[in-house]
Amino acid sequence: MDIRYDQSGEDAIYAKWEKSGYFNPDNLERKGKPFTIIMPPPNANGSLHIGHALFVTLQDIMIRYYRMNGRKALWLPGADHAGFETQVVYNKKLEKEGRSFWEIPKDKLYEEIKEFTLANKQYMESQLRKLGASCDWSREKFTLDDDIREVVYSTFKKLYDDGLIYRAERPVNWCAKHQTTLSDLEIKYEEKVDKLYYVKYSLSNGNGFIEVATTRPETIAADIAIAVHPKSKWAEFVGAKALNPLTKKEMPVITDDAVDPDFGTGALKITPYHDSTDFEIWSRHKKEIELEPISVIDRYGKMDPSAGALSGLKVKDAREKAAEILKDSFSREPEDYNHQVSVCYKCGTVIEPRVMKQWFVKMTDKPNKGGSSLRDLAVRAVRSKKVRFVSSRFEKEFMRWMADLRDWNISRQIVWGIKIPVWYCDGQDNDVCRSKEGIIVSESKLQKCPYCGSENIRAENDVFDTWFSSGQWPFATLMSKSGDFKKFYPTDVMETGWDILFFWVARMIMFGIYRTGKVPFKTVYLHGLVRDKDRQKMSKSKGNVVNPLEVAEVYGTDAVRMSLVIGSAAGNDPVISEDKIRGYRNFTTKIWNAARFVLMDYAEPSRKPSFTARDKADLKEMEKTKKDVAKHIEKLDFNHAAEIAYHYFWHSFADKVIEESKERIKSDDLKDPSRRKFAEADAEAAKEKLIIILSECLKMLHPFMPFVTESIWQNMPNKTKKGNMLMIEPW
RNA sequence: GGGCGCUUAGCUCAGUUGGUUAGAGCGUUGCAUUCACAUUGCAAAGGUCACUGGUUCGAGUCCAGUAGCGCCCACCA
């Protein structure tokens, strides 16, 4: 063995593993049932960061352990086109290059992003290899693969046929910067101080006025009613007409329970196209209101011509100008008002509610043929422990989120994604077609309307919310190779970050059960966000980012893996620092040197070793430790499993067992002819004990530190012939 | 406005059905070491387990409350 462990040999070890074919469970001779993990596909829009290294480590620990422990272990890797996220990244890239995203033709943009994504994907694959990920590359999937799309289309069709997907015009979250709608999960709230204006709406009969509090005077031109609470002081005016202070149009005064009598003045202006509450109130009172709602804000966040004097202004400027124009209609001075404003989770642009025709998934309604809602399918599976969360507190989070679900807008007006498989027939030349409002859901391309035969059809332009397709990942990935679904589904563990519990995990559970009748995975293990030693989030601007590949280059991949797994329980944010990694690099060196000592002058024993009582106790302790490590891995308590292995190797095996053996191995008795025979046998037994324990320790440490253990294994004299790889040694 | 979580050694954290004297890593201090490893060993110092009360033979662990911190969710204009 070399005097030093050389981590630059890691690539060669990985290549040997990969070449062996044993990443593919089909090539493993195992009697046990499969053990399956579907890798959360990393977004192919950048390079891997420390969070990826964390999931690789945790999942690889399980896969390597079960592979050694008699199971057909499948870890199916993938890459995510990550629709909106990637488009945002690419948009930024173009901005840096001084090009305009919006001036590039859509087809060309798609091709450019595709090229960008595929290049990233390829790079990421090499990084996963560097981290030691023992996944089955022969089964790798990309979220835009044809067979994945087909599964996604067929799920959409099934949902549509079951009445769980519909198209509707209603207020949706619009990001003016990214020019797309977003789901309720893709917006966040920011605290903002705005002015609360008190505006008088005079009654047309001259009997005074109603006072309305609003933060949005710029939308007054789009007001079509005043709503008051039935028990408020304004109730006496219900049925009267109020005058719009800008347009002077007569608007009905109506009553609705949704109005809070204790907030503001207890009266609400109804602007259906710019506020979702207003839209709902309007929907309930269409008949009384009569006026048609209008929009005064365009898709770019500017006032449109129907806003009259405000036309062309940005919303913020329009607000100030409106306040100026309305000065005489104010009943009192505007107040500072502190409230939560919804913004785009990516760029922080204020979300403008706009009314648009979009596709929605019903979350809480039953299918039209009967059965359970998507929500109920998932809730029941979790409640009955068919899906178990680690740590269990996420079960509470999950249930609470499921409790108040609203329908999910899955339409996105972006280029980078899977087109919604819908055509619209403008001909509508027969009743069947008209009854479907010209909507045609089709898994394949169409030339003409299948209902009326008209060739006057056009394809839907919108693409899916990426989570709609990635929510189908566990079964979609297994459906493409024949036999896989049957063999590997449901999968065993879904290991991912808790930040995407709602975005992804919840959707996978719903769609998984909906499509296959079975849960997609039995256990969800959620890890946290990797933080620096001061518990700070890592970010480029703070300069505290640890690039896993760079530190692996310096300290070895094994050290990086160990520092990610030790010291953090499930669901908590792991803390990592270069000092910590250096500490585990020292451990790597310790392992290497201990092995070097054990293997030094080792020869096959000439007789059956006669172990002393102490030897037997040492061997027993090793067995016990190994069982303990296995137990903790199986409990998904990787933190302790790693710590036990670490502690045993260093402070029992190296510090005690090896140290105490030195006397016997180097005994002066060996030089004394009268004692020599006994001493030789004893030295041999000591050496034999050391090599047995070392050998078992390598197995025990392999799932955590695959490279150094495999590379020592290659020097072991007693390694079994077959394959000569620790990776597939029986645990 | 609702909910969840955290508070244990100087620092970062474990402590999974309540059970001897509360642990690890790093850091600190002292000593040792040409002998696999200074990327080392041995040893030491360091904790009223946030606070208050309760259940119990027994509480870091269970219950209630208080304080501080963090996070998630939410269409009161």
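Naming convention: chains lettered A, B, ... in sequence-line order (proteins, then strands); numbering from 1 in each chain. Please read all numbers here as calculations on a predicted model, not as lab measurements. Only heavy atoms go into these numbers, but all of them, side chains included; no hydrogens, no water, no symmetry mates.
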Proximal nucleotide (of [options]) relative to the [X] side chain:
{"X": "A:Phe263", "options": "B:rC4, B:rC76, B:rG15", "value": "B:rC76"}
{"X": "A:Glu397", "options": "B:rA77, B:rC37, B:rC72", "value": "B:rC72"}
{"X": "A:Glu643", "options": "B:rA36, B:rC72, B:rA24", "value": "B:rA24"}
{"X": "A:Thr589", "options": "B:rC4, B:rU39, B:rC73", "value": "B:rU39"}
{"X": "A:His640", "options": "B:rA36, B:rA14, B:rC75", "value": "B:rA14"}

Using atom [atom1] of [X] as one end and atom [atom2] of [N] as the other, report the distance to the nearest whole Å.
{"X": "A:Phe587", "N": "B:rA36", "atom1": "CZ", "atom2": "P", "result": "19 Å"}
{"X": "A:Ile644", "N": "B:rG15", "atom1": "CD1", "atom2": "P", "result": "12 Å"}
{"X": "A:Glu660", "N": "B:rA36", "atom1": "CD", "atom2": "C1'", "result": "16 Å"}
{"X": "A:Tyr189", "N": "B:rG1", "atom1": "OH", "atom2": "P", "result": "17 Å"}
{"X": "A:Glu659", "N": "B:rA36", "atom1": "CD", "atom2": "P", "result": "8 Å"}
{"X": "A:Leu529", "N": "B:rG5", "atom1": "CG", "atom2": "P", "result": "20 Å"}
{"X": "A:Phe597", "N": "B:rU39", "atom1": "CZ", "atom2": "C1'", "result": "18 Å"}
{"X": "A:Arg596", "N": "B:rA36", "atom1": "CZ", "atom2": "C1'", "result": "5 Å"}

Reckon [X] touches a base, only the sugar-phosphate, or nothing at all at heavy-atom distances under 4.0 Å?
{"X": "A:Arg531", "answer": "nothing"}
{"X": "A:Asn572", "answer": "sugar-phosphate"}
{"X": "A:Lys580", "answer": "nothing"}
{"X": "A:Asp275", "answer": "nothing"}
{"X": "A:His651", "answer": "sugar-phosphate"}
{"X": "A:Asp579", "answer": "nothing"}
{"X": "A:Ile658", "answer": "base"}
{"X": "A:Ala595", "answer": "nothing"}
{"X": "A:Thr214", "answer": "sugar-phosphate"}
{"X": "A:Tyr337", "answer": "sugar-phosphate"}
{"X": "A:Lys590", "answer": "base"}
{"X": "A:Val598", "answer": "nothing"}

Paired with B:rA44: which nucleotide, if any, by Watson-Crick or G-U wobble criteria at under 3.5 Å for both distances?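 Result: B:rU28.
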
So is [X] actually on top of [Y]'s ring, under 6.0 Å and inside 45° of the axis?
{"X": "A:Lys590", "Y": "A:Trp592", "result": "no"}
{"X": "A:Lys624", "Y": "A:Tyr648", "result": "no"}
{"X": "A:Arg170", "Y": "A:Phe360", "result": "yes"}

Tell me whether the OP1 or OP2 atom of B:rC37 has a side-chain N or O from A:Asn586 closer than 4.0 Å.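 So the side chain of A:Asn586 is outside the cut-off, no N or O lying under 4.0 Å from OP1 or OP2 of B:rC37.
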
Distance below 4.0 Å between A:Lys188 side-chain N/O and B:rC72 OP1 or OP2: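 False: A:Lys188 side-chain N/O out of range (4.0 Å or more) of B:rC72 OP1/OP2.
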
Can you check the distance between [N] and [M], where both ends of the measurement are the [atom1] atom (answer in whole Å)?
{"N": "B:rA9", "M": "B:rG47", "atom1": "C1'", "answer": "5 Å"}
{"N": "B:rU7", "M": "B:rC75", "atom1": "C1'", "answer": "35 Å"}
{"N": "B:rC63", "M": "B:rU56", "atom1": "C1'", "answer": "12 Å"}
{"N": "B:rA14", "M": "B:rU52", "atom1": "C1'", "answer": "27 Å"}
{"N": "B:rC6", "M": "B:rA50", "atom1": "C1'", "answer": "11 Å"}
{"N": "B:rA43", "M": "B:rG54", "atom1": "C1'", "answer": "43 Å"}
{"N": "B:rA24", "M": "B:rG70", "atom1": "P", "answer": "31 Å"}
{"N": "B:rA22", "M": "B:rU28", "atom1": "P", "answer": "26 Å"}

Over 12 foreign heavy atoms within 6.0 Å of NZ, A:Lys662: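 Yes, NZ of A:Lys662 has more than 12 neighbouring heavy atoms, counting only those of other groups under 6.0 Å.
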
Taking atom NZ as the centre, does A:Lys627 end up with more than 12 heavy-atom neighbours from other residues, nucleotides or ligands that are less than 6.0 angstrom away?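 Open.
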
Given the side-chain rings of A:Phe653 and A:Phe649, with only the six-membered ring counted for Trp, is the space between their centroids under 6.0 Å?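 Ring-ring flag for A:Phe653/A:Phe649: true, centres closer than 6.0 Å.
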
Taking the six-membered ring where the residue is Trp, are the ring centres of A:Tyr584 and A:Tyr555 under 6.0 Å apart?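 Ring-ring flag for A:Tyr584/A:Tyr555: false, centres at least 6.0 Å apart.
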
Quiz item: A:His632 side-chain donor-acceptor pair to B:rU16 base, under 3.5 Å: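 Absent.
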
Side-chain donor/acceptor of A:Glu190 to backbone N/O of A:Val343, under 3.5 Å: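 No, the answer is negative, given that no donor and acceptor are paired below the 3.5 Å cut-off.
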
